[in-house]
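We count residues from 1, following the sequence as given. Whatever order the structure lists ligands and atoms in, that order sets their numbers, starting from 1. Just so it is clear, the structure is predicted and the values come from calculations on it, not from any experiment.
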Amino acid sequence: KEYIEECNQFVAEFEETIQKPKLHPSSIYYTGVDLGTACIVLAVLDENYQPVAGAYRYADVVRDGMIVDYIGAVEIVRELKAELEEKLGTELVYAAASLPPGTDELDGGAIKNVVQSAGFELTNLLDEPTAANQLLKVTEGAVVDIGGGTTGISILENSEVVKIADEATGGTHLSLVIAGSYKCSFQEAETYKHDPKNHDELLVTLKPVIEKISSIIVQQTEGYEIPAIYLVGGTACLKNIEQIIQKSTGIKTYKPVNPMFITPLGIALSC
Ligand code: ATP
């Protein structure tokens, strides 16, 4: 629980800097670049690894962790970088990035190229759940990153990552189910899903897919001692998703207040 409280504090400070960057001098800045299926997030930390600025944009340039629009991805990262540089009055040089577990051979090069082509010097490239744990600091348990296209799982024992896995079920599937049930477009379903006011009603429709995500967690954690699950990723924003996962996995499940920013901040911490 204390992990989550510390995270909440850090994320709240970061969210404030998205609205109002901190302009105190810093000898160096570290930027976390999270190229997501639904959203591209840049998180900037100062020399003491404290949040100073951030920016994000919903985009359709990555699918299931794979870059499908390379030029579009470079443009967005470059624009967000320029926006942040103007606000901070400084050049952002160093960046780290992440990718879904197990996709480095397929796509690690593309992500590296996007970050470098946008003008950064890439200092680290790590998998998403491990990045999230730079902030969560879980020593024992499973960090589960429910993103747009996939669910990434990282199992930790004695603070060491002993297993990582990634499976193709995430928020995109939830939106497809909403689009089917409510007879609306995918985009309308996404917009509806993002509004917390609709979450209680949606959970009834979405329960089977969330249970599918739970069964993936159970499958991937089989044979390991898992005292707790820590949820991150945009899809974990769904109200009470942690309760369904806790019930169907039988494992105590925690989530931070804004699980969407844990990975980008963790990436920046690894820079
Ligand atoms: P992946 O990790 O699969 O590459 P990603 O990094 O884009 O995807 P995130 O940004 O962590 O993933 O999460 C994106 C998903 O979170 C999308 O499916 C989006 O619809 C969903 N999402 C974002 N905000 C909310 C919200 N408030 N409520 C419900 N779902 C949300």
For S175 and ligand 1, does the shortest N/O to N/O distance drop below 3.5 Å?
-> no

Just distances here: any N/O of T150 and N/O of ligand 1 closer than 3.5 Å?
-> yes

Could you check which of A59, C39, G149, P196 puts a non-hydrogen atom nearest to atom 3 (O) of ligand 1?
-> G149

Donor-acceptor contact below 3.5 Å, side chain S98 vs main chain D127 = no

Would you say the side-chain atoms of E201 and Y192 include a donor-acceptor pair closer than 3.5 Å?
-> yes

Heavy-atom contacts with G233 under 4.0 Å: which atoms of ligand 1 show up? List them by number with element.
-> 11 (O)

Could you say whether the N/O atoms of C237 and ligand 1 ever approach to under 3.5 Å?
-> no

Give the atoms of ligand 1, by number and element, whose distance to some non-hydrogen atom of G148 is under 4.0 Å.
-> 1 (P), 3 (O), 5 (P), 8 (O), 12 (O), 13 (O), 14 (C), 15 (C), 17 (C), 18 (O)

What atoms in ligand 1 come closer than 4.0 Å to a heavy atom of T172?
-> 18 (O)

Heavy-atom contacts under 4.0 Å between D195 and ligand 1: side chain, backbone, both, or neither?
-> neither

Can E13 and Q9 be counted as having a side-chain donor-acceptor contact under 3.5 angstrom?
-> yes

Report yes or no: do E47 and S27 form a side-chain donor-acceptor pair below 3.5 Å?
-> yes

So with a 6.0 Å cut-off around OH of Y56, is the heavy-atom count from everything else above 12?
-> no

Using a strict cut-off of less than 4.0 Å between a Lys/Arg side-chain nitrogen and an Asp/Glu carboxylate oxygen, indicate whether R78 and E75 qualify as a salt bridge.
-> no

Does at least one non-hydrogen atom of V62 fall below 4.0 angstrom from an atom of ligand 1?
-> no

Return the option from M66, E190, K193 holding the heavy atom at the smallest distance from atom 30 (N) of ligand 1.
-> K193

Any donor-acceptor pair under 3.5 Å linking the side chain of T151 with the backbone of T169?
-> yes

Scan side-chain atoms only and decide if S175 and E190 contain a donor-acceptor pair under the 3.5 Å cut-off.
-> yes

Per-atom filter on ligand 1: closer than 4.0 angstrom to a heavy atom of E128 are 2 (O)

